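Just so it is clear, the structure is predicted and the values come from calculations on it, not from any experiment. Along the sequence shown, residues carry numbers from 1.
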Amino acid sequence: MRLITLVLSFCLAAGMAVASPEVWSREWPNTDFANTSVENWIEIMSGGPPKDGIPALDDPAFIPASEENRLTPREPVITLEIEGEVPRAYPIRYLTWHEIVNDEVGGIPVAVTFCPLCNSGITFDRRTDAGVLIFGVSGKLRNSDMIMYDRETESWWQQAIGEAIVGTLTGTELQSLPSWMESWDAFISRNPDGLVMAQPDFARNYGANPYVRYDSSERPFLYSGELPPHDIPALARVVRVGDRAWPLTRLADAGSVTEAGVTLRWAEGQASALDTGRLGAGKEVGNVRVMDAAGNDLAHDVMFAFAFHAFWPEGEWMLGD
């Protein structure tokens with residue numbers, strides 16, 4: 001952890017020193033930097049790895065959930081259940097090292113994404129007015145959140161909000177699909193005939209957490225923005241639905257909360273992916289489901305409070321008091 005801290009601190013200082021569209025344009029000659037919604041380029045920082053240094057996955061292989069023997073019960077996975085299709089689980093043990101999975105489910109091209117520094121796991125529809133896009137990891141961060149890029153135009157996309165912020169497609173928004181992070185045990189108990197993404201063919205220490213004790217930090221890495229209000233710790237988890245955020249601690253205390261037209265349910269059983277050295281042994285964070293009044297799953301994100309405040313500074317904090 002100390003080594004990671006030193007490396008990221010160096011990247012922070014270096015990024016703040018050189019960040020400008022001119023510098024990035026030399027690295028990204030095919031990106032239209034004249035078209036952007038970024039007002040302050042000091043927000044764009046290098047996360048350390050270069051473009052594709054964190055390799056996104058394309059068309060991953062799957063195996064029957066009943067044949068999976070690597071995952072431990074409390075390990076987190078991102079679950080995607082599309083009507084008429086076999087439910088799929090995308091293990092965080094793989095997404096930690098790849099951050100984006102370009103897949104297709106039931107004819108819908110999707111991007112399953114996970115940003116460890118924000119604990120943000122969102123699934124997007126890859127279809128846009130500009131065509132179907134394939135996403136990669138740029139190696140850049142903004143407010144500690146991953147900046148993705150599309151391989152077709154090399155526009156940059158902010159993962160937390162699903163919007164292009166630099167390049168030809170600036171202003172284009174991706175549709176978020178209902179998916180959720182839950183334990184492997186919760187997934188397979190509900191979907192014994194489901195599918196799980198197979199281990200990728202890369203030399204990675206899958207199952208290990210390179211961000212040991214990260215979610216116990218007082219401040220996030222590579223972030224110099226304003227901290228959350230209401231004395232909420234920067235790395236406290238919140239459940240974001242649209243521009244509202246419910247503290248995870250409130251849901252854990254209540255078990256279920258219904259307000260603002262949505263129902264949020266919490267149940268124990270999921271380990272933090274950003275705590276101990278092994279993903280399945282982390283502290284309890286619980287499983288969250290979010291549904292509308294008709295009982296349909298809603299797109300949402302369980303992210304760190306600082307990231308919600310950074311990208312939704314006027315957002316509503318659902319504190320229940």
Enquirer: I'd like to check the side-chain contact (heavy atoms from CB on, under 4.5 Å) partners of Thr170; sequence neighbours left out, ordered by chain and number.
Expert: Asn35, Ser37
Enquirer: How does the hydrophobic cluster around Val241 look, that is, which other residues are in it when side-chain heavy atoms under 4.5 Å mark a link?
Expert: Val239, Trp246, Leu248, Leu251, Val257, Val262, Leu264, Trp266, Val285, Val288, Val290, Leu298, Val302, Met318
Enquirer: Pair up each side-chain donor or acceptor in residues 193-207 with any protein partner under 3.5 Å, not counting sequence neighbours, and list the distances.
Expert:
| residue | atom | partner | partner atom | Å |
| --- | --- | --- | --- | --- |
| Gln199 | OE1 | Arg70 | NE | 3.1 |
| Tyr206 | OH | His98 | NE2 | 2.6 |

Enquirer: With salt bridge (charged side-chain N to carboxylate O under 4.0 Å, His left out) as the rule and sequence neighbours excluded, what pairs involving residues 95-115 come up?
Expert: Arg88-Asp103
Enquirer: Which residue pairs pass the salt bridge (charged side-chain N to carboxylate O under 4.0 Å, His left out) test when at least one of the two sits in residues 45-67, sequence neighbours left out?
Expert: Lys51-Glu154, Asp58-Arg151
Enquirer: With sequence neighbours left out, what residues match Phe308 under ring pair (Phe, Tyr, Trp, His ring centres under 6.0 Å)?
Expert: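 Here the qualifying residues are Trp312, Trp317.
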Enquirer: Sequence neighbours left out, what passes salt bridge (charged side-chain N to carboxylate O under 4.0 Å, His left out) with Glu68? Give chain and number order.
Expert: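 If we apply the salt bridge (charged side-chain N to carboxylate O under 4.0 Å, His left out) test to Glu68, skipping adjacent residues, there are no hits.
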Enquirer: Hey, could you give me each pair passing ring pair (Phe, Tyr, Trp, His ring centres under 6.0 Å) that has a residue in residues 44-91? Not counting sequence neighbours.
Expert: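 Residue pairs passing ring pair (Phe, Tyr, Trp, His ring centres under 6.0 Å), neighbours aside: Phe62-Tyr90.
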Enquirer: Determine which pairs satisfy side-chain hydrogen bond (donor to acceptor under 3.5 Å, both in side chains) with at least one residue from residues 288-299, sequence neighbours left out, and list them in order.
Expert: Arg289-Asp297, Asp292-Asn296
Enquirer: Going by ring pair (Phe, Tyr, Trp, His ring centres under 6.0 Å), name the residues that satisfy it together with Phe135, two or more places apart in sequence or in a different chain.
Expert: Trp157
Enquirer: Not counting sequence neighbours, list each pair that qualifies as a salt bridge (charged side-chain N to carboxylate O under 4.0 Å, His left out) and has a residue in residues 247-268.
Expert: Arg250-Glu259
Enquirer: Return the set of residues passing salt bridge (charged side-chain N to carboxylate O under 4.0 Å, His left out) with Glu284 (not counting sequence neighbours), or none when no residue passes.
Expert: Arg74
